[in-house]
*Asks:* 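This is the structure I have questions about; it appears just below.
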There are 2 protein chains.
Amino acid sequence: MAKSPMADAATENALRALETAIAHDIHAGLLLPGTWLKQIDLQERYGRSRGDVRRALDKLVAQRLVQQVHNSGYRVRPLDPKQLDELRQVRLILEGAAAETMLGRADAATLARLRNLAEGFSLAVEHRSILDQHEANQAFHAALLELCPNAELVRLVRETRLRLPSALLTQWHERGWVEESARHHHAMVDALEANDREAFCAVVRAHIRPSSRELAFKLSRAWAPIVD
Amino acid sequence: MAKSPMADAATENALRALETAIAHDIHAGLLLPGTWLKQIDLQERYGRSRGDVRRALDKLVAQRLVQQVHNSGYRVRPLDPKQLDELRQVRLILEGAAAETMLGRADAATLARLRNLAEGFSLAVEHRSILDQHEANQAFHAALLELCPNAELVRLVRETRLRLPSALLTQWHERGWVEESARHHHAMVDALEANDREAFCAVVRAHIRPSSRELAFKLSRAWAPIVD
DNA sequence: GGAGCCTAAATTGGTACCAATTTTGGAGTC
DNA sequence: GACTCCAAAATTGGTACCAATTTAGGCTCC
């Protein structure tokens, strides 16, 4: 019988789906940093076999979103303040560099789509739940990243963003931050449309800027330091 | 009985060791891009159980050094020219940013050590095998990276470097390249000692500069494109 | 009443086995 | 002689089982 790409894609997607499902729940704040991820619980929660759960957890360990302790299992990785600050710096480096590559690459249709997504986030900020805001924000940034021609850079940006518990961060930030983020999004599209490199990069950097030091402290002081 | 950190470290190191052993053989050119990594072969070659081999290969897949094809197994990931060029750009971004953070951080002892390693590479270039040159080069850059205070950035730089088949690259480059690399190393230490930011960053960038386009073509044309 | 120890349950991690799929080798046919 | 088809061997990937370790609960002793 001939090869069956359908089945291949199905199993591959199934495994990837579990991986992203767990990651999503971590980002949504359902699984807090420090939580122990018992294999039996995950197996029931997501309706998968234990082997699948183990493989997915191993992937998440490789992504540094989850930590494995021998004979104790997997836990959501608690980030210490130093690490959060370092990741913020890495985001500045990577997303700043990615921004440089995006100018002059957006056609009218793309600009319209980005405007739509920016407006979607603005609306979510006003009327919807924090989770919806999170989704809208991710949608905008995903669309923005598609402008970057360097696929490897895009992958690194995505992975780095995935390592920060964004849902928790926005939730705990000062009130004005989400509104400012919405303004940033519109400013980014404006700068892209005007092909203004300086302005665009400045906004991208400002978008990452907020210091998460005191926040990181709140997030981390309850858990033991990481020793890997 | 009390916890046994020794045993933990042992098993952990054992797994990591296998992972790095395979990665090393890939970089050394013993396992060429496109080679199928049969689990039985690896199991015999490194004297490990099949489970260990599978876990190590999964790690390498996560590092994008190895590719997994369902029902066909694992193969050394063939890089296409576009990807090599993109990785070169990412190296410029990351190592350039890392260089910015290194200035004013090297004390006399560290400078002496770096000089020693730079000289070690120069000697290897003149008198030793390509494999030794590769080792000496890695030793110098590992020591240099220790100057960067951002651990996350250091990790990214290491991972990105590990994704380029350096042994093959240096082997096939034009004759003068290794000698120029050796000069670069000395120039880096000089700039660090003089605390000359401009010069240091310029050398770091020049060290990555060589275009690998025609080389990438040679490396990749024999194998099918990557479709993940 | 509280601390310490010991037993039992639960959880993890590794190994062995088995089914599914691909590949290899050979026989038969055009 | 070359191509096709079929069967056997080999390899992969998943599942189930089992040992090792940790954790929880209860009992005893101080």
Side-chain angles (χ1 to χ4, degrees), chain A residues 1-19 21-22 31 34-62 65-78 223-224 226-228, chain B residues 1-19 21-22 31 34-62 65-78 223-224 226-228:
Chain A
M1 183 177 170
K3 196 173 167 180
S4 157
M6 283 273 286
D8 283 7
T11 58
E12 183 185 332
N13 287 353
L15 193 56
R16 184 71 59 91
L18 178 56
E19 185 189 333
I22 300 174
L31 302 170
T35 308
W36 287 101
L37 300 171
K38 290 204 284 193
Q39 294 175 12
I40 291 185
D41 291 347
L42 299 181
Q43 172 176 333
E44 293 174 1
R45 176 169 189 167
Y46 301 100
R48 301 304 207 78
S49 74
R50 201 156 84 93
D52 285 344
V53 170
R54 271 206 257 184
R55 267 186 295 280
L57 285 173
D58 281 336
K59 287 279 189 72
L60 292 174
V61 168
L65 204 72
V66 167
Q67 182 187 29
Q68 184 173 21
V69 182
H70 193 72
N71 283 332
S72 293
Y74 302 83
R75 69 190 303 197
V76 180
R77 193 174 228 269
W223 296 287
I226 301 170
V227 284
D228 63 351
Chain B
M1 184 178 167
K3 196 173 168 181
S4 155
M6 282 274 285
D8 283 8
T11 58
E12 183 185 333
N13 287 353
L15 192 56
R16 184 71 59 91
L18 177 56
E19 185 190 333
I22 299 174
L31 302 169
T35 308
W36 287 101
L37 301 171
K38 289 203 285 193
Q39 295 174 12
I40 292 186
D41 291 348
L42 299 181
Q43 172 177 333
E44 292 175 2
R45 176 169 188 167
Y46 300 101
R48 301 304 207 77
S49 74
R50 200 155 84 93
D52 286 345
V53 169
R54 270 206 257 186
R55 267 187 295 280
L57 284 174
D58 281 336
K59 289 277 189 71
L60 292 173
V61 168
L65 205 73
V66 167
Q67 182 186 29
Q68 184 175 23
V69 182
H70 192 72
N71 282 329
S72 292
Y74 302 83
R75 67 189 301 194
V76 181
R77 193 173 227 269
W223 296 287
I226 301 169
V227 284
D228 67 348

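Values in this document were obtained by computation on a predicted structure and should not be read as measured data. Chain identifiers are assigned alphabetically (A, B, ...) following the order of the sequence lines, protein sequences preceding nucleic acid strands; residue numbering begins at 1 within each chain.
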*Asks:* Please report, rounded to the nearest Å, how far the P atom of D:dT23 is from the NZ atom of A:K38.
*Replies:* 11 Å

*Asks:* A:D52 CG to D:dG13 C1': how many Å, rounded?
*Replies:* 11 Å

*Asks:* To the nearest Å, give me how far apart NE2 (A:H70) and P (C:dG13) are.
*Replies:* 7 Å

*Asks:* Quick one: does A:L42's side chain get under 4.5 Å of A:R48's, heavy atoms only?
*Replies:*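 No, every pair of side-chain atoms sits at 4.5 Å or beyond.
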
*Asks:* Can you list everything that forms a side chain to side chain donor-acceptor pair (under 3.5 Å) with A:R55? Sequence neighbours excluded, please.
*Replies:* A:D52

*Asks:* C:dT12 P sits how many Å from A:Y74 OH, rounded?
*Replies:*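 Atom OH in A:Y74 sits about 9 Å away from atom P in C:dT12.
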
*Asks:* Quick one: A:Q39 CD to C:dT11 P, roughly how many Å, whole number?
*Replies:*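 Atom CD in A:Q39 sits about 10 Å away from atom P in C:dT11.
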
*Asks:* By nearest heavy atom, map B:R54 and B:I40 onto DNA chain D; which one lands nearer the 5' end?
*Replies:*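 The residue closer to the strand's 5' end, by nearest nucleotide, is B:I40.
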
*Asks:* Is the closest side-chain heavy-atom distance between A:R77 and A:V61 below 4.5 Å?
*Replies:*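 A:R77 does not reach A:V61 side chain to side chain.
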
*Asks:* Hey, is the main chain of B:V69 close enough, under 3.5 Å, to the side chain of B:R75 for a donor-acceptor pair?
*Replies:* no

*Asks:* Would you jot down, in residue-number order, the residues of residues 42-51 of chain B having a non-hydrogen atom under 4.0 Å from DNA chain D?
*Replies:* B:R50

*Asks:* If we only count heavy atoms from C-beta on, is the B:L37 to B:L60 side-chain gap below 4.5 Å?
*Replies:*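 They are not in side-chain contact.
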
*Asks:* Please give, in whole Å, the distance from D:dT22 P to A:Q68 CD?
*Replies:* 14 Å

*Asks:* To the nearest 0.5 Å, how far apart are CG in B:D58 and CZ in A:R54?
*Replies:* 12.0 Å

*Asks:* Using whole Å, report how far CG of A:L37 lies from P of C:dG13.
*Replies:*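 Spelled out: CG on A:L37 to P on C:dG13 is 12 Å.
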
*Asks:* Measure the distance from CG on B:L15 to C1' on C:dT15 and round it to the nearest whole Å.
*Replies:* 15 Å

